[in-house]
Amino acid sequence: MEHLMHDLKMYQRKSPLSLEGFKGSGADFLDKYKPYIEDGQTVICSPHKIFGPEANDLVLQLRKQKISRVILAGMSGNLCVESHMRELIEQGFEVAVVHDATASAKMKDLDGDIAAKTNFRMIASASWSTNETIDKMKSNH
């Protein structure tokens, strides 16, 4: 799976400190999310190296902002999202996963979505749908 992601250039950047070639690359943010990500309030940590956040500064960035509750969604649910969920929980964070806003690979007789969604329900502090997440975020404002 890691080789496939690299072949698709999903996370390709010249270096962690360079944005050269980032815009429009396989590593760029989706246009519909850019207004939220590039809002001047969002903290972007360095990219993860394999699946989890152990080799980047995510935990440091969250703690510096005094954040203890995290909502996760994204690609590779059974690999990256699950690895981030597990590490953040081990680090003492409360973690909710948006189970219908993740995607996982399906290969031959393997279904990453089934594996991820099972573990989200067994391990995460909560597993919510997108609509549930939006409702919870609105009610907290």
Side-chain angles (χ1 to χ4, degrees), residues 1-140:
M1 192 64 218
E2 184 180 351
H3 290 287
L4 172 65
M5 289 189 290
H6 284 288
D7 290 345
L8 294 172
K9 300 179 180 172
M10 290 171 69
Y11 307 109
Q12 188 170 334
R13 283 178 60 183
K14 279 190 145 269
S15 80
L17 302 177
S18 172
L19 291 178
E20 182 183 336
F22 181 68
K23 297 282 185 194
S25 72
D28 194 2
F29 304 116
L30 293 173
D31 287 334
K32 67 182 180 180
Y33 298 123
K34 285 182 183 183
Y36 306 103
I37 295 169
E38 297 172 348
D39 64 0
Q41 296 178 351
T42 301
V43 175
I44 300 172
C45 65
S46 59
H48 60 280
K49 306 301 182 220
I50 304 293
F51 301 120
E54 294 84 355
N56 70 13
D57 62 343
L58 175 62
V59 171
L60 172 66
Q61 294 295 335
L62 292 171
R63 289 198 169 127
K64 284 172 68 174
Q65 300 295 319
K66 298 186 179 3
I67 294 170
S68 62
R69 298 165 68 197
V70 176
I71 299 172
L72 285 178
M75 294 190 315
S76 205
N78 66 312
L79 301 173
C80 300
V81 176
E82 183 177 328
S83 293
H84 280 72
M85 172 194 69
R86 287 174 179 267
E87 179 61 18
L88 290 171
I89 286 172
E90 291 284 345
Q91 290 287 334
F93 292 88
E94 184 178 339
V95 180
V97 179
V98 187
H99 58 79
D100 62 354
T102 67
S104 304
K106 294 180 182 181
M107 301 172 3
K108 298 180 186 170
D109 59 344
L110 303 174
D111 188 328
D113 259 354
I114 292 172
K117 288 177 171 99
T118 297
N119 285 338
F120 296 161
R121 289 180 56 210
M122 294 179 78
I123 299 168
S125 306
S127 179
W128 301 325
S129 69
T130 299
N131 288 334
E132 288 174 303
T133 304
I134 291 167
D135 289 343
K136 289 177 185 298
M137 291 175 75
K138 284 180 179 176
S139 70
N140 283 330

Student check: side-chain heavy atoms of L58 and L88 closer than 4.5 Å: yes
Flag side-chain contact, heavy atom, 4.5 Å: V81 against F120: yes
Side-chain donor-acceptor contact under 3.5 Å, D100 with T130: yes
side-chain hydrogen bond (donor to acceptor under 3.5 Å, both in side chains) partners for Q61, two or more places apart: D57
side-chain hydrogen bond (donor to acceptor under 3.5 Å, both in side chains) against D39, all qualifying residues, sequence neighbours excluded: T42
Side chain to side chain contact (heavy atoms under 4.5 Å, CB included) between I71 and W128, intermediate numbers included: CA-CA 9 Å; I71 299 172; W128 301 325; 4.2 Å; yes
What pairs with [X] under salt bridge (Lys or Arg N to Asp or Glu O under 4.0 Å), at least two apart in sequence or on another chain?
X    : answer
D111 : K106
D113 : K117
R69  : E94

Worked verdict on D135 versus K138 for salt bridge (charged side-chain N to carboxylate O under 4.0 Å, His left out): CA-CA 5 Å; D135 289 343; K138 284 180 179 176; 5.4 Å; no
Test item: H84 side-chain N/O and F51 main-chain N/O as donor-acceptor pair under 3.5 Å: yes
Heavy-atom donor-acceptor pair, S104 side chain to N78 backbone, under 3.5 Å: yes
Worked verdict on E90 versus R86 for salt bridge (charged side-chain N to carboxylate O under 4.0 Å, His left out): CA-CA 6 Å; E90 291 284 345; R86 287 174 179 267; over 6 Å; no
Looking at every non-hydrogen atom in both residues, tell me the closest pair between [X] and [Y] and how far apart they are.
X    : Y    : answer
S83  : P53  : O-CD, 4.0 Å
A116 : G77  : CB-C, 3.5 Å
E82  : N119 : OE2-ND2, 3.0 Å
S129 : H99  : N-NE2, 3.3 Å

Salt bridge (charged side-chain N to carboxylate O under 4.0 Å, His left out) pairs, two or more places apart, involving residues 119-133: none
